[in-house]
Structure formats: C-alpha cells, structure tokens
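Have a look at the structure below before the remarks.
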Protein chains: 2
Amino acid sequence: MHKPTLSNRIRVYRAEHRLSQADLAAAIGVSRKTINTIEVGRFVPSTIIALLIARHFEVPVEEIFSLQR
Amino acid sequence: MHKPTLSNRIRVYRAEHRLSQADLAAAIGVSRKTINTIEVGRFVPSTIIALLIARHFEVPVEEIFSLQR
DNA sequence: ACTTATTGATACCCTAAGGTTACATTTAGT
DNA sequence: ACTAAATGTAACCTTAGGGTATCAATAAGT
C-alpha cells in the first residue's frame, strides 16, 4: 500500500483570476507561505484549506487537487 | 478572520455501502482510528484522505465534506 | 442471555502542517 | 537600467494529523 501524492492546479487558476499568492492567501484567510508551499507541492493541505481554495475559484476540489498514482 | 470547521457525511455513505469503519479504512489504506476520528469530527483530514474517501464512494469531495460557517 | 462485531476514546509517538519572520531571487513595470 | 512586486526558501515554533495498541461501551446476531 503506497500512499498517493497530490498535484494541484492552483497556479493555473490564480493566473486566470489574476491573483498573486498573497492575494489568494488573504482572500481565504491563510498565510502566503501556506499558499506557496501547497502550490509548489511541498505540503498537503488540510481539507478545510482545499475547500476554501476550490470555493474561491468556484470549482470542485477535484478540479484543483488530484491524486497521483 | 474566524476559521471554518468541517462537517462530514461519512457515516451516511458508509451505511449506504454497508461498510464498517474498519472496512472503509482498509479500502482506502488508512487506519480505523483515522476514519473514526474524522467521522466523529475530531480531526480534519488531509486533502489526500478526503479525495480517497470521496473517490471510494464515487462522489465529489464537497458531497462528503462541508465547510461550516 | 450470550457472544461477537463495531464503535468511541485514550495514551503514546512521530511527522507534517501552518504561522511568523526574514532574505534572496525572479519577474514585471516604468 | 532601475524599481517594485512577486515568488521560493529557510529557520523556528506550536499544534494537529495519523500510526499502533489497547480498552470500555454499545450494537447486533444467535
């Protein structure tokens, strides 16, 4: 049983919405570091943060976060 | 900035699928404790685990996990 | 009533997440 | 070229998540 990793399309959605990492962070109430580390794939976010990001872009969580392998 | 909490409908879906907590845990490769603590709302799961649970029941993450307030 | 399955909760341990701050680098605007 | 904005990292700290193991309490079957 090997654990899957997580990929994300935050950067794509940020670009579409013309938001900086800091903008998005402020919009959902987390630190810029949190957005950055999630976006570059260093940390796996909590479900609450995933829902906040998805809701902000008005898309399902699965549209932004995907399980790998 | 008040942080939202998380509610879930894991129990409902487990019941529909006639799965025990242990069954679901085994099916997605986590411990029973993990399912139990998430289900009773004590812990907020990682996005990976939320995706695994949603995928197992073939529903969107938002169908199982909801932000509160 | 008895037995088994299931659930809730605990203690313990270890690692990851997320916050603050700071700094270097890269990108964009002028 | 210069300046300002945006990004990537890092150190440091605190808390939460998730694992194993265990036990009590409840639910379900017989």
Side-chain angles (χ1 to χ4, degrees):
Chain A
M1 179 56 76
H2 57 86
K3 283 154 214 278
T5 59
L6 191 70
S7 68
N8 76 85
R9 311 212 308 147
I10 295 175
R11 182 154 311 184
V12 175
Y13 279 91
R14 271 203 309 109
E16 282 179 5
H17 290 246
R18 304 262 143 64
L19 291 176
S20 68
Q21 292 178 348
D23 292 336
L24 178 57
I28 69 174
V30 299
S31 73
R32 182 179 71 82
K33 180 216 156 190
T34 295
I35 295 298
N36 177 263
T37 53
I38 292 168
E39 181 172 311
V40 302
R42 287 161 45 78
F43 287 169
V44 174
S46 75
T47 298
I48 288 181
I49 293 180
L51 285 167
L52 287 169
I53 294 173
R55 188 176 71 179
H56 184 82
F57 292 128
E58 299 180 289
V59 294
V61 168
E62 284 85 350
E63 180 63 27
I64 300 196
F65 295 97
S66 305
L67 293 171
Q68 296 302 310
R69 195 164 358 102
Chain B
M1 182 52 73
H2 53 88
K3 281 155 213 274
T5 58
L6 191 69
S7 68
N8 77 84
R9 312 213 307 150
I10 295 174
R11 180 154 313 185
V12 175
Y13 279 91
R14 272 202 309 108
E16 282 180 4
H17 290 246
R18 306 260 143 66
L19 291 176
S20 70
Q21 292 178 347
D23 291 337
L24 177 56
I28 69 175
V30 300
S31 73
R32 182 179 71 83
K33 179 214 156 189
T34 295
I35 295 298
N36 178 261
T37 54
I38 293 168
E39 182 170 311
V40 301
R42 288 161 45 77
F43 286 169
V44 174
S46 76
T47 298
I48 288 181
I49 292 180
L51 285 167
L52 287 169
I53 294 173
R55 187 176 72 181
H56 187 269
F57 292 127
E58 299 179 291
V59 294
V61 168
E62 284 84 350
E63 180 63 26
I64 299 195
F65 295 98
S66 305
L67 292 172
Q68 297 301 309
R69 257 170 76 268

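Quantities reported herein were computed from a predicted structural model and do not represent experimental measurements. Lettering follows sequence order; numbering is per chain, from 1.
Here A:Arg14 reaches the OP1 or OP2 of D:dT7: one of its side-chain N or O atoms lies under 4.0 Å away. OP1 or OP2 of C:dT6 has not a single side-chain nitrogen or oxygen of B:Arg11 nearer than 4.0 Å. Within the structure, a side-chain polar atom (N or O) of A:Asn36 is placed less than 4.0 Å from OP1 or OP2 of D:dG8.
Atom pair A:Ile48:CD1 and D:dG17:C1' shows a separation of 12 Å (rounding to whole Å applied). Whole-Å rounding puts the B:Ile38 CD1 to C:dA9 P distance at 15 Å. Distance CD1 (A:Ile28) to P (C:dG18): 10 Å, rounded to an integer number of Å. Distance, A:Ile10 CD1 to D:dG8 P: 11 Å, rounded to whole Å. For the pair B:Leu24 CG and C:dT7 C1', the interatomic distance rounds to 14 Å; values are reported in whole Å. Distance, B:Lys3 NZ to C:dG18 C1': 8 Å, rounded to whole Å. Rounded to a whole Å, the CD1 atom of B:Ile35 is 13 Å from the P atom of D:dT20. Atom-to-atom, CZ of B:Phe43 to C1' of C:dG8 comes out at 13 Å; the value is rounded to the nearest Å.
B:Ile38 and B:Pro45 make their closest contact through CD1-CB, 3.4 Å (heavy atoms, listed as atom of the first residue, atom of the second, distance). When all heavy atoms of B:Phe57 and B:Arg14 are compared, the pair lying nearest together is CZ-N, 3.9 Å. Contact detail for A:Asn8 and A:Glu39: the closest heavy-atom pair is ND2-O, 3.2 Å.
Checked against side-chain hydrogen bond (donor to acceptor under 3.5 Å, both in side chains), A:Ser20 has the following partners two or more places apart in sequence or in another chain: A:Asp23.
Ionic pairing of A:Arg55 and B:Glu62 is not present here: no N-O contact between side-chain nitrogen and carboxylate oxygen is shorter than 4.0 angstrom.
B:Ser46 comes within 4.0 angstrom of sugar-phosphate atoms only, judged by non-hydrogen atoms across all strands, and of no base. Contact annotation for A:Ser20: backbone-only contact, meaning every heavy-atom pair under 4.0 Å involves sugar-phosphate atoms and none involves a base.
Of the two residues contacting DNA chain C, namely B:Thr37 and A:Val44, the nearest-nucleotide position lying further toward the 5' end is that of B:Thr37. The residue among A:Gln21 and B:Arg32 whose nearest nucleotide of DNA chain D is located toward the 5' end is A:Gln21.
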